[in-house]
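What you see below is based on every heavy atom in this structure, not just the backbone, and it leaves out hydrogens, waters and symmetry mates.
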Amino acid sequence: MPPDQLTDTPATVPERPTLDGLEQKWSEAWERDGCYRFDRSAPRERVFSIDTPPPTVSGSLHVGHVFSYTHTDAVARYQRMRGKAVFYPMGWDDNGLPTERRVQNHFGVRCDPSVPYDASFEPPAEPSEKEPVSISRPNFVELCLRLTETDERAFEDLWRGLGLSVDWSMTYTTIGAGAQRISQRSFLGLLERGEAYQLEAPTLWDVDFQTAVAQAELEDRERPGAMNRVRFRLADGDGDGADGDSALIETTRPELIPACVALLAHPDDERQRGLVGKQVLTPLFGTRVPVLTHPLVDPEKGTGLVMVCTFGDLTDVVWWRELGLPVRSVLGADGRLAEVPWGAAGWESVDLERARRDYEELQGRTVNQARKRILELLEQANDIVGEPTPVTRAVKFFEKGERPVEIVTSRQWFLRTMSHREKLLQRGRELSWHPPYMRARYEDWVNGLTGDWCVSRQRFFGVPFPLWYRLDASGAVLYDEPIAAREEQLPVDPSTDVPDGYSTEQRGVPGGFVGDPDVMDTWATSSLTPQIAGGSAGSAGTGSTAGEDQELFAKVFPMDVRPQAHDIIRTWLFSTILRSQLDHDALPWKNAAISGWVLDPDRKKMSKSKGNVVTPMHLLEEYGADAVRYWAASGRPGTDTAFDAQQMKVGRRLAVKLLNASKFALADLSPEGESLTSPLDRAMIARLAAVVADATVSFDGYDYARALERVEVFFWWYCDYYLELVKGRRYDAGESQDARLGAASVSRALRRSLSVFQRLLAPFLPFVTEEVWSWWQQGSVHRASWPDAAELLSALGGVEVDSAASEDEALAIAADVLKEVRKAKSEARRPMRAPVARVVVHDSATRLAALALGVEDLRLAGSIEAVETTEADEFAVEVELAEEPAEG
RNA sequence: GGGCGCGUAGCUCAGUGGGAGAGCGCUCGCUUCACACGCGAGAGGUCGCAGGUUCGAAACCCGCCGCGCCCACCA
């Protein structure tokens, strides 16, 4: 709609405009009118599609959610006003460990897959954390679904309160039937193409959750430890009996000595040359291990000799693999030292009895307990050299875990990533990053990958692998020949569904079958959000069987933008690019818009454990949604922002200002004129056009914060200077032909500029802009067209460059003089309306000539009797206030 | 150890080669005909430090210091 048609509707402006109640009033109206409904009939080039971050619904509501989702919404609203059909669904990430943990605590249950399903199960009325009820996997999943439904409502309430312009008819969940089907289908495709494979291998393992975890889910935490110097003696016949007949290593993990398979030195380390190639005996256990070399060993560290165990850390895995070392594994899946077969192959000892006796002391203990005990044993055996040195070291934890991850050998599913690294780096360069420097994090991550992606988890609430395995005559599982589900069957749960050609009775019996017991990593499903949202939106919930929608998918994929925060570049962003590459040989989106974090006022990351998390609901109530959005939108892309309620007050002020400025501009004081005749009006419109151009460029580059800042600064200037300068001319109408024209011009300029401001602010302050728009316009401001700078300028008619420049100068000098007049009144402690007898303006000839264009406006605005001018090099103003009226 | 970002007023931050700025906070004033949820004015800065390029540097280059984040083969 061109602005010229926007002024036809008579304004109905409230006597006392207010922000109260706008959220409810307008969110109901938007829902009723389907204001944000995606237009499926739009051609692809008119579609703007957003790959929404599905929030983890089991996490607590956090002001950080408000922050980044507001950024996305501002962009969505801008694109909609640019005429795009905006595809803006909302997803809920409900599968995975956080939900499991919450369900366990909330209902007082534990999942036990061996328990049969009980259709009539109800959780205990008074949940007991100490003695949880064991329930079947299907029952457990039902409870997960029940709880996430409540969580999802809380999130939806928040999003609606915040005014997100989401199409609520298109929601999805990551545990829903659609997501499961897409996830399973993708997996089967990868399996067929050899991109997914199964392997029994050392795997990162969380001992509390007892599941494999991925490299991407690790984080470092500083933990105190102690460095111990331990003696390994040379094996019989390898020494000459002299004092040097031992090898010293340093370790923080002495409990892994029974799992030691070699000692290593750097190939160039002269000090160790005499030992290399010999055999040493592990202390206490008397196991023969070789002394070898490897270039990764750092001769500067410790004694220059390092103990390789299966497995203490990821480097051990590298050494074990590259040097072809045997496995001697002591750590069980539960994080305790397991029983080991002393004397069997690989567990030989020069003193078996002693090895058994000493290991007896460790077996069954946790890592920490075993560490303490083995140090005592080593001390007794005189195999510790010197005192332990306290050290602080970074230890790898599963990000949701409570104890360090261990490396445990187990059978897992992997997706190939290492072989695609070059392609993934190339995709990263094809993607437009906002801000651009965020690409470095992606490249760092891809370059630092150490292995393929382990996607299987030994958990319950997730997408199962759509696979079964045959059992041989002895009941052993034949892992090498999985039976895949047919595509039409998906989604399947192999723990209850039965593969073709088998019957239920054959489950778990020799010659029969078993289902794959694992579920997929939550990122294995979240990495498919473009496909899930674009293919099955609207089929939320597990009950739905709605199919994928190829027509829709073709319209929205690849998506235009992935908005997300920088902390999950290595997980969500990376894995989505990987899956899109593997399944579609394409980038999943054209742009990545990266948000920062919300920090607490002390600039610390907000986290539950620190207790500094701010929840958002009360902020919306206290300051209003527009005010909270204003604060959020002030946070620049990629930049962390300290939480600051003060900024919300500023946002509220802006919203109130817009109410009042709109009321003023729409007051029907004089009939509208046909054209903008007054120089100051024309100059203001020209400046506004420049602001529109700036905001448009900023938004096109996803810099909503810059757009807001430019608009806001100009809007306040407009209220403080322009409105004050033209106010008098507007009220003074009717005296002469000139006055009538002048009043008509200002009336015209006010409406034109107001329409632009309301639209410029609409992406940020959707509620108040909709309110003021409704006073005089048809339809929603959020479906109005984004203002156009060229169109605004064309309304000025054909303007010569020189005359435009002098008009702008007129506005500038009028505002400068007005400021000086105000200053004089303020210093004299007189009201702003106090009359001024005479003003003398000193300035250059050019500026003084320009002043003549706006001098009448200036006189009225400052209540000035006479304005005189004197040519001068420097700008200066003399102000003579009129005599103060006598009291009484 | 490597990478990225940041360092400007008490606080939060804008400022891509030519006047050091905004908001908040603080002080003072003004019941003003859109707005007291308001308006006007004022005080307040060695632009982290040091060097270089330039007629001219808060900005560009080099080095250093500090803070934050990401990554690392953390013994």
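- Counting any heavy atom pair closer than 4.0 Å across all strands shown, W716(A) reaches sugar-phosphate atoms only and no base atom.
- Distance from the side chain of V297(A) is smallest to rA75(B) among rA36(B), rC70(B), rA75(B).
- M227(A) comes within 4.0 angstrom of the backbone, heavy atoms only, and of no base.
- Applying the side chain to side chain contact (heavy atoms under 4.5 Å, CB included) rule to R653(A) yields the partners W716(A); only residues at least two apart in sequence or on another chain are considered.
- Under a cutoff of 6.0 Å and an axis angle of 45°, R687(A) and Y718(A) do not form a cation-pi pair.
- A salt bridge is defined here as a Lys NZ or Arg NE, NH1 or NH2 lying under 4.0 Å from an Asp or Glu carboxylate O, and R221(A) with E219(A) meets this definition.
- For K819(A) and rA41(B), the shortest distance from a side-chain N or O to OP1 or OP2 is below 4.0 Å.
- Note on Q215(A): only backbone sugar-phosphate atoms sit closer than 4.0 angstrom, heavy atoms only; bases stay farther off.
- With a cut-off of 3.5 Å on both Watson-Crick or G-U wobble distances, the partner of rG68(B) is given as rC4(B).
- Heavy atoms of E250(A) sit under 4.0 angstrom from primed sugar atoms or phosphate atoms, though from no base atom.
- Contact check, K825(A) against rC39(B): no side-chain N or O comes under 4.0 Å of OP1 or OP2.
- A cation-pi arrangement, defined by a distance under 6.0 Å to the six-membered ring centre and an angle within 45 degrees of its axis, is absent between K649(A) and Y630(A).
- Annotation: rU8(B) and rA22(B) have their C1' atoms spaced 12 Å apart (nearest Å).
- For the OP1/OP2 pair of rG10(B) and a distance below 4.0 Å, the side-chain nitrogens and oxygens of Q646(A) include no atom meeting the criterion.
- Across the protein-nucleic acid pair, Q647(A) atom CD and rA14(B) atom C1' stand 12 Å apart, rounded to whole Å.
- Rounded to whole Å, the separation between the P atoms of rG3(B) and rA20(B) comes to 37 Å.
- The side chain of K823(A) places an N or O atom within less than 4.0 Å of a non-bridging phosphate oxygen (OP1 or OP2) of rG42(B).
- Using N1 to N3 plus N6-O4 or O6-N4 for Watson-Crick, or N1-O2 and O6-N3 for G-U wobble, each under 3.5 Å, rC35(B) pairs with nothing.
- Rounding to whole angstrom units, CG of residue D703(A) and C1' of rA14(B) are separated by 11 Å.
- Counting to the nearest Å, the P atom of rG38(B) and the CD atom of E724(A) are 15 Å from each other.
- Between D640(A) atom CG and rU12(B) atom P the separation is 14 Å, expressed in whole Å.
- Comparing the C1' positions of rA43(B) and rC28(B) gives an interatomic distance of 10 Å, to the nearest angstrom.
- By the 4.0 Å N-to-carboxylate-O rule, D313(A) lies too far from R253(A) to be salt-bridged with it.
- Distances were taken from every side-chain heavy atom of T315(A) (C-beta onward) to each of rA72(B), rC73(B), rA75(B); the shortest belongs to rC73(B).
- Looking at the side chain of R570(A), the nearest of the listed nucleotides rA41(B), rC71(B), rA14(B) is rC71(B).
- Checked against rC35(B), rC28(B), rA75(B), the side chain of K657(A) finds its nearest nucleotide in rC35(B).
- Within the structure, every side-chain polar atom (N or O) of R441(A) is placed at least 4.0 Å from both OP1 and OP2 of rC70(B).
- Comparing L449(A) and G304(A), the nucleotide of RNA chain B nearest to each residue sits closer to the 5' end for L449(A).
- Residues Y623(A) and W631(A) place their aromatic rings such that the two centres sit no closer than 6.0 Å.
- Closest contact between the side chain of R829(A) and the listed nucleotides rC28(B), rA75(B), rU12(B) involves rC28(B).
- RNA chain B is contacted by both T641(A) and P831(A); T641(A) maps to the nucleotide lying nearer its 5′ end (nearest heavy atom per residue).
- No engagement by D567(A) is indicated, since no non-hydrogen atom pair under 4.0 Å with the nucleic acid exists.
- With both ends at atom C1', the span from rA50(B) to rC65(B) equals 10 Å, rounded to whole Å.
- Outside the 6.0 Å centre-distance limit, the rings of W205(A) and F398(A) are not counted as a close aromatic pair.
- The pair D681(A)-R752(A) does not count as a salt bridge, with every side-chain nitrogen at least 4.0 angstrom from each carboxylate oxygen.
- When heavy atoms are screened at a 4.0 angstrom cut-off, V650(A) is found touching the sugar-phosphate backbone but no base atom.
- Taking atom CG on D694(A) and atom P on rG15(B), their separation rounds to 11 Å, with Å as the unit.
- Within the nucleic acid shown, V308(A) has no heavy atom closer than 4.0 Å to any nucleic acid atom.
- Pairing of rG40(B), defined by two Watson-Crick or G-U wobble distances under 3.5 Å, is identified with rC28(B).
- When the C1' atom of rC39(B) is taken as reference, atom NZ of K727(A) falls 9 Å away, rounded to whole Å.
- Following rounding to the nearest Å, E709(A) (CD) and rC13(B) (P) show an atom-to-atom distance of 13 Å.
- The aromatic rings of W776(A) and W773(A) stand perpendicular to each other, their planes meeting at an angle above 60°, with 30° marking the opposite boundary.
- Side-chain proximity of D220(A) to rA41(B), rC35(B), rA72(B): nearest is rA72(B).
- Using atom C1' as the reference point in both rG52(B) and rA59(B), the two lie 15 Å apart (nearest Å).
- Close to rG38(B), at under 4.0 Å from its OP1 or OP2, lies a side-chain N or O of R653(A).
- Across all strands, R253(A) comes closer than 4.0 Å to no nucleic acid atom at all (heavy-atom distances).
- As judged by a 4.0 angstrom heavy-atom cut-off over every strand, S826(A) is placed among the base-contacting residues.
- Distance from the side chain of D720(A) is smallest to rG40(B) among rU12(B), rC70(B), rG40(B).
- Among the protein residues, M832(A) comes within range of the nucleic acid bases, having at least one heavy atom under 4.0 Å from a base atom.
- Atom name P, nucleotides rC69(B) and rG51(B): the rounded distance is 32 Å, in whole Å.
- For W320(A) and F311(A), the ring centers sit closer than 6.0 Å to each other.
- Using N1 to N3 plus N6-O4 or O6-N4 for Watson-Crick, or N1-O2 and O6-N3 for G-U wobble, each under 3.5 Å, rA22(B) pairs with rU12(B).
- Comparing the C1' positions of rG17(B) and rA36(B) gives an interatomic distance of 44 Å, to the nearest angstrom.
- One can place CG of D644(A) at 8 Å from P of rC13(B), the figure rounded to the nearest angstrom.
- The base-pairing partner of rC49(B), taking Watson-Crick or G-U wobble contacts with both distances under 3.5 Å, is rG63(B).
- Taking atom P in both rA58(B) and rG48(B), the straight-line distance is 10 Å, to the nearest Å.
- Among the nucleotides rA72(B), rA75(B), rA41(B), the one closest to the side chain of T252(A) is rA75(B).
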